[in-house]
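To start, the structure under review is shown below, and the notes come after it.
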Amino acid sequence: MEVDFSTINLQYLIHARDITKEDTEMAATVLGLSREHAKLLAQTSSEGLAQISQIKVPLLEVRGDIWWWSRLFTALTDGVSDEVDAILDHAGLVFLS
């Protein structure tokens with residue numbers, strides 16, 4: 001099965017570039033880039049992003065520990081919306097640690 005993520009990659013790259021333009025330091029941390037690469041991303045033209053986005057494999061990856069995903073899927077399966085909300089509220093802490 002061949003999956004084409006190029007459209008998703010372009011959307012991701014546009015948002016990532018916008019974040020780096022606003023706050024390079026924070027973007028570097030969130031995106032897992034060095035400051036230098038974040039600065040380069042901020043300066044990349046739309047045409048450049050479109051070229052990069054031709055990559056068919058996903059440029060983003062699912063992050064987080066297995067325990068976090070297990071807890072989330074259990075709460076979703078059990079229909080415990082308060083637990084899902086609590087897990088999602090803490091996602092930023094889990095993914096940036």
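Note: hydrogens, waters and symmetry copies are ignored here, and every other heavy atom, side chains too, is used.
To the nearest 0.5 Å, atoms CD1 (I52) and CG (L41) are separated by 7.5 Å. Note that the CG atom of L10 and the CD1 atom of I55 stand 11.5 Å from one another [nearest 0.5 Å]. Here NE2 of H37 is found 13.5 Å from OG1 of T24. Values are rounded to the nearest 0.5 Å.
With contacts defined as side-chain heavy-atom distances shorter than 4.5 Å, the pair K39/T20 does not qualify. Here the side chains of R17 and S46 are in contact, with some heavy-atom distance below 4.5 Å. When side chains are defined from C-beta on, I19 does not count as touching K21, because their heavy atoms never get closer than 4.5 Å. Within the 4.5 Å cutoff, the side chain of I8 has no heavy atoms near those of the L59 side chain. In this structure, the side chains of F73 and V84 stay at 4.5 Å or more apart for every pair of heavy atoms.
Of the candidates L49, N9, T44, I14 forms a side chain to side chain contact (heavy atoms under 4.5 Å, CB included) with just one, namely L49.
A salt bridge is defined here as a Lys NZ or Arg NE, NH1 or NH2 lying under 4.0 Å from an Asp or Glu carboxylate O, and E2 with K56 fails to meet this definition.
Proximity of a side-chain donor or acceptor of S70 to a complementary backbone N or O of I66 within less than 3.5 Å is not detected.
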Check the pair T74 / D78 against side chain to side chain contact (heavy atoms under 4.5 Å, CB included), numbers first and verdict last.
CA-CA 6 Å; T74 298; D78 294 346; 3.5 Å; yes
